[in-house]
There are 2 protein chains.
Amino acid sequence: MRIVLPLFDRFTALDAVGPYDVLKLLPGAEVVFVAAGAGPVRNSAGSLALVADATLAEIDSCDVLVVPGGPGVDEHVEGGPLLDWIRRMHEGTRWTTSVCTGSLLLGAAGLLRGRTATTHWRRADVLTSFGATYTPQRVVGDGRLMTAAGVSAGLDMALTLAATLADRTTAEAIQLAIEYDPQPPFDAGSPAKASQEVRDRLAAGLR
Amino acid sequence: MRIVLPLFDRFTALDAVGPYDVLKLLPGAEVVFVAAGAGPVRNSAGSLALVADATLAEIDSCDVLVVPGGPGVDEHVEGGPLLDWIRRMHEGTRWTTSVCTGSLLLGAAGLLRGRTATTHWRRADVLTSFGATYTPQRVVGDGRLMTAAGVSAGLDMALTLAATLADRTTAEAIQLAIEYDPQPPFDAGSPAKASQEVRDRLAAGLR
């Protein structure tokens with residue numbers, strides 16, 4: 001079972017690594033990070049680089065596609081090789097998935113027209129501009145498309161996927177392996193739960 | 001504020017990237033991945049490599065040390081340059097922290113003697129062999145040491161740290177930025193919650 005995660009400059013690392021560290025534990029999983037060119041790909045902060053071990057041109061099919069998001073998404077939504085590749089890959093996938101603003105790439109590739117989907121809560125308007133119906137849920141499945149909300153939601157999506165790709169016992173064993181028994185010290189992880197002060201702090205750029 | 005994460009062969013990616021994507025959002029944060037040699041460092045599956053941008057020798061102090069775990073930990077607990085470096089760094093940190101079996105490195109470096117600490121639930125016996133009292137909580141603070149349980153617990157630890165390094169409003173704004181409103185599809189994230197069948201599946205190696 002081949003699972004492929006495309007990287008691009010200014011991606012968000014946790015969008016990719018959360019699902020990666022779940023899905024890599026599936027029996028028979030072969031996971032590949034790909035990018036336009038092989039080698040290190042930097043995130044938006046510039047202080048993290050993940051290595052792409054193959055080029056987009058080298059990978060022409062997979063069972064599961066996991067598209068991460070990040071500020072760099074905006075450089076690709078107008079069209080180009082990454083969208084073309086996503087469209088081609090989607091033809092043969094069992095699951096085409098995204099985390100955070102990765103769904104904007106699926107949308108820009110034309111895969112979400114008339115579909116329900118989610119994205120980072122701050123970019124819902126962009127998602128709908130691609131013809132999708134934004135659903136403010138953490139994980140949204142529609143056919144063989146599955147989208148997750150912002151950044152950390154990729155963990156919940158990956159466990160959901162794991163149960164469909166293997167079975168529920170395996171998925172729960174992976175949850176136990178990564179000790180995913182979340183206990184956040186605060187309860188501000190969604191716009192509905194965060195205070196106005198917290199939303200203002202984020203809107204001001206966390207400075 | 002300098003935050004440093006050491007990498008080593010066969011580390012677990014999410015142990016490092018979870019805290020990274022929280023702490024990098026702190027105002028004034030400068031985050032650096034380091035390793036014995038600069039360049040790509042592979043995880044235990046071999047399909048992921050994170051780039052170390054500096055060598056251990058180049059970094060001699062930091063405000064926050066975050067030590068990830070992973071199968072590769074076992075190659076360092078007997079002693080060597082990584083433990084020596086951790087000991088030296090700890091002298092000047094505001095916080096010395098670990099995720100998952102990263103606490104075994106802190107323990108092997110002698111930093112947890114007589115301390116309460118946590119680790120991945122499967123390795124609690126090793127932690128106690130270093131003179132620590134294993135506390136089966138998700139995040140354990142003792143003085144300026146903070147340890148997190150397995151893999152995904154680094155997210156909860158990093159948010160706790162963020163509140164002490166900045167303030168609670170900032171920490172909550174980071175939680176909102178990464179949309180950390182966890183909704184795992186199952187409730188098997190700790191040995192107490194997982195069924196015997198699930199524990200057996202994991203013990204059999206997820207094959």
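We name chains A, B, ... by the order of the sequence lines, and we start the count at 1 in each one. The structure presented is a predicted model; accordingly, all values stated were derived computationally and were not measured.
- Contact count against chain A (heavy-atom pairs under 4.5 Å) is highest for B/Ser47 among B/Ser47, B/Gly18, B/Ala45.
- Interface remark: of the candidates A/Ala49, A/Ala166, A/Ala171, A/Ala52, A/Ala49 forms the most heavy-atom pairs closer than 4.5 Å to chain B.
- Scanning residues 152-164 of chain B against chain A with a 4.5 Å heavy-atom cutoff picks out B/Ser152, B/Leu155, B/Asp156, B/Leu159, B/Thr160, B/Ala163, ordered by number.
- Side chain of B/Glu172 to main chain of A/Phe186: no donor-acceptor pair is present (N/O by atom type, distance under 3.5 Å, no hydrogens or angles).
- Annotation for B/His120 and A/Glu179: closest pair CA-OE1, 3.7 Å, computed over non-hydrogen atoms.
- Highest contact tally toward chain B, considering only A/Pro184, A/Ala203, A/Pro27, is held by A/Pro184 [criterion: heavy-atom pairs under 4.5 Å].
- Residues A/Leu48 and B/Asp53 fail the side-chain proximity criterion, which asks for heavy atoms closer than 4.5 Å.
- Chain A forms more heavy-atom pairs under 4.5 Å with one residue of B/Leu5, B/Asp167, B/Asp15 than with any other, namely B/Asp167.
- Residues B/Asn43 and A/Tyr20 have side chains in contact (heavy-atom distance under 4.5 Å, counting atoms from C-beta outward).
- Within residues 28-36 of chain A, the residues having any heavy atom under 4.5 Å from a heavy atom of chain B are, by residue number, A/Val31, A/Phe33.
- Contacts of residues 188-201 of chain B with chain A at a heavy-atom distance below 4.5 Å involve B/Ala188, B/Gly189, B/Ser190, B/Pro191, B/Lys193, B/Ala194, B/Glu197, B/Val198, B/Arg199, B/Arg201, listed in sequence order.
- Listed by sequence position, A/Arg138, A/Ala149 are the residues of residues 135-149 of chain A in contact with chain B, using a 4.5 angstrom heavy-atom cutoff.
- Counting heavy-atom pairs under 4.5 Å between each of B/Gly39, B/Ala177, B/Pro40 and chain A puts B/Ala177 at the top.
- Of all the listed residues (A/Leu26, A/Val151, A/Thr12, A/Val22), the one sharing the greatest number of non-hydrogen pairs under 4.5 Å with chain B is A/Val151.
- Chain B forms the most heavy-atom pairs under 4.5 Å with one residue out of A/Asp21, A/Leu176, A/Asp187, A/Val17, and that residue is A/Leu176.
- Of the residues considered (B/Ile178, B/Thr170, B/Ile174, B/Leu202), B/Ile178 shows the highest number of contacts with chain A, using heavy-atom pairs under 4.5 Å.
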